[in-house]
Amino acid sequence: MTSTGGEGTAAGDSSLPDGPPPASGREVAPGRPSPGPLPGGASGPTADSPAEQVGYRGPTACSAAGITYRQLDYWARTGLVEPSIRPAYGSGTQRLYSFQDIVVLKIVKRLLDTGVSLQNIRAAVRHLRSRGRTDLARMTLMSDGATVYECSSPDEVVDLLQGGQGVFGIAVGVVWKDVEGALSQLHGERVDTGETLVRDHPEDELARRRNRAG
C-alpha cells in the first residue's frame, strides 16, 4: 500500500525509511517525478496502441469523467492533468486526451470532492501514471482526507479501515470500466488520421461530414 503526504516513501522506491510503515502499506509521497502517461490498461483503447490509436477532445473527456470544461481547462493549464496526446498550442487547436487521461480525470474529481489536498492529489496523479495495467486493475485508493493510500489487496483495505486511516475508497478498476462504458457512447478521434470514430451513433450526420471532409 502507498500513500500521499507525510513522511512516507515515494511509490516504487525499493528502500524504506527506518521504522514500520503506516498501517499495512505505503504512502504515495509528494514530489516524485512523473515517469510519463498512465500505462495502457485492461480493455480501453490506448494512445500508443498499434491497433487503434484513439484520442478524445475536451468536451468528450468532460462528459466521460463527469467534470466541467472549466475544470478540464484549469487542470490542464496548471499541470494537474495534462492531455498526453495533444496539448492546446493556441487559438484553433484542441486538446486530445487518451483513455487513461480520462480515467485520471475522473479519479481527480472524486478526490477533490472528498476534500483531499491539491498537493496529495498531484502526488496521486503521478503515482497512477507510473503503474501498469495489472496494478491499476487491482488498485484501490483509500484516504482519510489528509493522506491517500494505495491498497492492492482486500486485506490492506481492511487494515486501513481498522486503523482509522481509510474513510473512503476509490476502486481504480471500477473507474476504468465506468470510463470505458461512457466512451463507448461517445465519439473518439484517430490520432494518426484525425478521423472521427462514431460510437453507436450512425445517425450523427456531423461526424460523417467531418470524415468526408477529411
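Across all their heavy atoms, Ala171 and Thr140 have their closest contact at CA-OG1, 4.2 Å. Closest approach of Arg95 and Ala76 over heavy atoms only: NE-CB, 3.4 Å. Between His187 and Thr196 the shortest heavy-atom distance is CB-CG2, 4.1 Å. For the pair Val125 and Val108, the tightest heavy-atom approach, listed with the atom from each and the gap, is CG2-CG2, 3.5 Å. The nearest pair of heavy atoms linking Asp101 to Arg129 is OD1-NH1, 3.3 Å. For the pair Tyr56 and Ser98, the tightest heavy-atom approach, listed with the atom from each and the gap, is CD1-C, 4.3 Å.
With contacts defined as side-chain heavy-atom distances shorter than 4.5 Å, the pair Phe168/Leu111 qualifies. For the pair Glu189 and Arg57, the minimum side-chain heavy-atom distance is below 4.5 Å. Between Val157 and Tyr149, every side-chain heavy-atom pair lies at or beyond the 4.5 Å cut-off.
Partners of Asp178 according to the side-chain hydrogen bond (donor to acceptor under 3.5 Å, both in side chains) rule, which considers only residues two or more places apart in sequence or in another chain, do not exist here. Not counting sequence neighbours, Arg110 has no partner by the side-chain hydrogen bond (donor to acceptor under 3.5 Å, both in side chains) test. Scanning for side-chain contact (heavy atoms from CB on, under 4.5 Å) contacts around Val158 gives Gln162, with sequence neighbours left out. Judged as a side-chain contact (heavy atoms from CB on, under 4.5 Å), and not counting sequence neighbours, the contacts of Asp192 are Gln53, Arg190. By the salt bridge (Lys or Arg N to Asp or Glu O under 4.0 Å) test, Lys106 is found to be paired with no residue, residues two or more places apart in sequence or in another chain being considered.
How far CE of Met139 is from CD1 of Ile170: 11.5 Å, rounded to the nearest 0.5 Å. One distance of note links CG of Leu186 with CG of Leu197; it measures 12.0 Å at 0.5 Å rounding. Atom-to-atom distance recorded for Leu136:CG and Trp176:CH2 is 6.0 Å, nearest 0.5 angstrom. The NE2 atom of His127 sits 8.0 Å away from atom CG of Asp135, with the distance rounded to the nearest 0.5 Å. A distance of 5.0 Å separates CD of Glu180 from CZ of Phe99, quoted to the nearest 0.5 Å. Atom CG of Leu105 and atom CD of Gln100 lie 11.5 Å apart (nearest 0.5 Å).
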Identify all side-chain donor-acceptor contacts of residues 60-69 below 3.5 Å with residues at least two apart in sequence or on another chain.
unit_1	atom_1	unit_2	atom_2	d
Thr68	OG1	Gln71	N	3.1
Thr68	OG1	Gln71	OE1	3.4

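Cluster membership check: Val179 does not share its hydrophobic cluster with Val174, using side-chain heavy-atom separations under 4.5 Å among Ile, Leu, Val, Met, Phe, Trp and Tyr. By the criterion of side-chain heavy atoms lying less than 4.5 angstrom apart, applied directly or through intervening Ile, Leu, Val, Met, Phe, Trp or Tyr residues, Leu118 is grouped together with Val116 in one hydrophobic cluster.
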message: Does Arg70 form a side chain to side chain contact (heavy atoms under 4.5 Å, CB included) with Trp75? I'd like the steps, not just the answer.
response: CA-CA 9 Å; Arg70 183 176 181 180; Trp75 295 350; over 6 Å; no
- prompt: Is there a side chain to side chain contact (heavy atoms under 4.5 Å, CB included) between Ile121 and Arg126 once you walk through the steps?
  reply: CA-CA 9 Å; Ile121 290 176; Arg126 289 192 296 266; over 6 Å; no
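Ion pairing between Arg131 and Glu150 holds under the 4.0 Å rule for side-chain N and carboxylate O.
Counting only distance, with no hydrogens or angles, the side chain of Asn120 and the backbone of Val148 share no donor-acceptor pair below 3.5 Å. One N or O on the side chain of Arg86 and one on the backbone of Gln94 form a donor-acceptor pair closer than 3.5 Å.
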